[in-house]
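Below you'll find the structure, written out as structure tokens, and then a few comments.
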Protein chains: 2
Amino acid sequence: MVTIQDVAKAAGVSAMTVSNVINDRPNVRPSTREKVLEAMARLDYRVNVAARNLRKGRTGIIGLAVPEVDSPYYGRLAAAIITAAQRRALRVSIEQTASRENELDALSLSRNHQYDGLILSAAGMSQADAERLKVEHPVVVLGDRIFGGPVDHVAMPNREAARAATCHLFAQRCRRIAFLCGAVEEVNPSSLRLAGYREAHEAADLPADPALVQFVDRLGMREGAQRAREMAESGLDFDGVFCVTDSLAMGVLRGLADSGIRVPDQVKVIGFDNVSESEFLIPSLSTVDPDHDGMAERAVDLLVRRIEQTAHSTRHRDFVGGFSLVVRESTRG
Amino acid sequence: MVTIQDVAKAAGVSAMTVSNVINDRPNVRPSTREKVLEAMARLDYRVNVAARNLRKGRTGIIGLAVPEVDSPYYGRLAAAIITAAQRRALRVSIEQTASRENELDALSLSRNHQYDGLILSAAGMSQADAERLKVEHPVVVLGDRIFGGPVDHVAMPNREAARAATCHLFAQRCRRIAFLCGAVEEVNPSSLRLAGYREAHEAADLPADPALVQFVDRLGMREGAQRAREMAESGLDFDGVFCVTDSLAMGVLRGLADSGIRVPDQVKVIGFDNVSESEFLIPSLSTVDPDHDGMAERAVDLLVRRIEQTAHSTRHRDFVGGFSLVVRESTRG
DNA sequence: TTGTAGGCGTTATCAG
DNA sequence: CTGATAACGCCTACAA
């Protein structure tokens with residue numbers, strides 16, 4: 001391995017000077033710089049990042065903990081975050097958490113100086129775990145579950161967007177809108193979007209039939225398809241479905257087709273996420289498009305601030321992203 | 001920051017002993033171990049990974065360079081690799097390359113000791129770049145472009161699977177099968193699958209009309225949809241479509257629907273990748289299911305071997321994954 | 001079974 | 001403008 005010392009020797013200067021050249025510091029005579037660069041090239045020198053990290057107390061890597069990368073939603077999120085981080089010359093190491101326990105593990109890894117900071121997309125943790133976030137290391141939580149906690153926080157516009165989606169269905173003359181979601185806990189995407197759905201009903205002065213709120217175990221396509229068939233066969237009266245994710249909605253489109261129900265003629269369907277597939281489904285899927293890029297940008301930005309500030313300010317920020325409504329065939333007519 | 005020295009002092013032992021406890025080495029008296037563990041807990045000690053890395057010359061992180069994570073295919077691949085790596089207590093840092101230049105950059109990062117090794121999913125590099133892979137650091141190439149190169153290599157069963165898919169269409173009484181692919185270069189997924197498509201024609205003793213081979217710029221849904229409409233409107237005579245990716249096939253399903261062509265009645269469609277959405281499309285999509293997990297496992301395995309072996313054997317392995325054919329509605333009847 | 005000494009490659013400090 | 005020195009926190013010999 002070629003070290004900075006070797007380069008120094010080859011160039012006839014000290015290691016310090018080589019270091020100065022590498023880090024583009026001023027106060028190096030151009031001719032000296034030349035000699036050093038030449039020696040570096042000749043020896044094919046590479047900085048040893050581990051040594052630099054040790055010295056600087058930084059790694060240049062941020063962690064991103066998500067339940068799974070292989071899902072349209074988290075995949076998109078990961079992509080946006082990696083892009084935002086690359087702009088700041090940071091690398092992103094991805095952790096698949098899948099469970100609450102792993103989420104907590106990811107936190108301690110961050111503490112192990114493996115990462116300069118951690119973006120935690122908390123799906124499993126709840127308010128009760130917020131205590132464990134009281135970490136002296138930079139953490140930004142992405143998600144909906146821990147508000148007012150001891151960390152910076154970037155959230156989806158869940159309630160507002162759900163309300164807008166529901167209003168849109170009203171405007172399309174739906175009157176009995178089913179709401180399809182996962183388990184509703186204190187504060188999670190399902191509960192917040194359900195609140196928006198209810199708000200829309202109140203605002204429109206239409207009662208929301210509790211029978212129309214349907215729960216599934218997982219927010220996947222399979223579950224959506226199955227539940228849609230069950231709803232159709234049970235004789236439930238509904239003319240619209242608001243699904244808390246596009247994956248669920250894709251399943252619902254399939255399930256309704258299986259049951260011989262035409263979308264949008266008999267039932268209108270709207271999703272949430274604006275996954276790239278939505279545009280090309282048959283029928284194409286209306287959906288809520290959250291500002292993923294903006295949220296990713298913001299999350300990285302907050303994290304970088306925490307990393308760079310030395311004093312640990314206790315003021316924490318809660319940021320809520322923007323969204324737009326994408327109207328396609330599944331709610332036309 | 002709490003160091004190993006602090007713990008040693010607190011426990012009334014030497015740093016060495018603390019290190020022995022941390023690394024689960026024998027020859028530590030149980031009572032001593034207790035004292036040390038207690039002190040570690042009390043001080044909330046965390047190992048400094050940077051220091052350990054510097055000392056050991058390892059980082060415990062492998063790089064994964066893919067064109068983009070936000071695509072069904074690469075997302076699935078990334079998930080499989082992260083899982084395989086986690087089993088070996090390795091972390092994965094994801095690089096979005098998007099271009100050939102970035103792919104080469106990722107290589108040098110690997111050299112910078114940032115990673116112990118690199119899995120490079122080479123989409124843009126070509127045989128000509130293979131030289132640059134002659135790196136003394138562990139690299140495994142995942143993809144199809146660099147065979148017989150100076151690195152280990154895990155490839156898809158492109159030709160075999162394409163042949164099987166084409167045969168399946170023949171068996172479904174298709175006689176004029178369009179082949180939809182991206183730019184065909186020396187060795188890439190499109191060219192290899194095209195070869196399989198042609199082999200199937202020869203084996204069945206059916207001529208392959210060159211007009212049926214259609215090229216698109218990007219293997220995306222949008223491009224698939226547009227090309228399908230063009231094919232339909234141009235009056236091209238075809239009763240089957242083999243798409244080199246499921247994304248493309250999803251677009252084709254949409255484009256054919258736009259043109260009033262019924263699948264599978266008038267035209268049968270088959271894809272490649274078995275993306276999770278395929279099962280729930282309307283109609284559900286027949287496709288080739290490559291053994292992603294097996295390939296990921298193998299890639300990580302090869303990389304770990306390279307990392308662990310000190311002598312740089314020059315023998316490199318080319319591994320080709322397995323596959324299965326998933327028959328769904330889009331080719332029924 | 002435990003301790004001591006030295007160095008991994010880099011950079012901050014401060015003196016020249 | 002350049003260089004000597006001393007850390008950063010950990011681990012491996014070797015010694016006790």
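Naming: A, B, ... by sequence-line order, numbering from 1 per chain. Any value given below was found using the heavy atoms of this structure, including those in side chains, with hydrogens, waters and symmetry copies removed.
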query = Quick one: do the A:Y115 and B:R91 side chains pair a donor with an acceptor below 3.5 Å?
reply = yes
message = Under 4.0 Å, counting only non-hydrogen atoms across every strand here, what does B:R55 touch: a base, just sugar-phosphate, or nothing?
response = base
inquiry  = Once you apply a heavy-atom cut-off of 4.0 Å, does B:I4 come out as touching a base, just sugar-phosphate, or nothing?
reply    =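 Answer is sugar-phosphate: B:I4 comes under 4.0 Å of backbone atoms only.
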Side chain of [X] - closest among [options]:
{"X": "B:M16", "options": "C:dT4, C:dG9, C:dT1", "result": "C:dT4"}
{"X": "B:K56", "options": "D:dC1, D:dC11, D:dC8", "result": "D:dC11"}
{"X": "A:Q5", "options": "C:dT10, C:dT2, C:dT11", "result": "C:dT10"}

Taking [X] for the side chain and [Y] for the main chain, is one N or O donor matched with an acceptor at less than 3.5 Å?
{"X": "B:D152", "Y": "B:H316", "value": "no"}
{"X": "B:T97", "Y": "B:V66", "value": "yes"}
{"X": "A:T17", "Y": "A:V13", "value": "no"}
{"X": "A:Q5", "Y": "A:A15", "value": "no"}

Take atom [atom1] of [X] and atom [atom2] of [N], then tell me their distance rounded to the nearest Å.
{"X": "A:Y45", "N": "C:dG9", "atom1": "OH", "atom2": "P", "result": "10 Å"}
{"X": "A:R58", "N": "D:dC8", "atom1": "CZ", "atom2": "P", "result": "18 Å"}
{"X": "B:I22", "N": "D:dC11", "atom1": "CD1", "atom2": "C1'", "result": "10 Å"}
{"X": "A:N20", "N": "D:dG3", "atom1": "CG", "atom2": "P", "result": "10 Å"}
{"X": "A:D6", "N": "C:dC8", "atom1": "CG", "atom2": "P", "result": "11 Å"}
{"X": "A:N48", "N": "C:dG9", "atom1": "CG", "atom2": "P", "result": "7 Å"}

Under 4.0 Å between a side-chain N or O of [X] and OP1 or OP2 of [N]?
{"X": "B:T32", "N": "C:dT1", "answer": "no"}
{"X": "A:N27", "N": "D:dC1", "answer": "yes"}
{"X": "A:T17", "N": "D:dG3", "answer": "yes"}
{"X": "B:N23", "N": "D:dC11", "answer": "yes"}
{"X": "B:R25", "N": "D:dT12", "answer": "yes"}

inquiry  = Both B:A51 and A:S14 contact DNA chain D. Which one's nearest nucleotide lies toward the 5' end?
reply    = A:S14
ask   = B:V13 or B:L54: which one's nearest nucleotide on DNA chain C is closer to the 5' end?
value = B:V13
ask   = Can a donor-acceptor pair under 3.5 Å be found between the side-chain atoms of B:R52 and the base atoms of D:dC10?
value =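 A donor-acceptor contact between them is absent.
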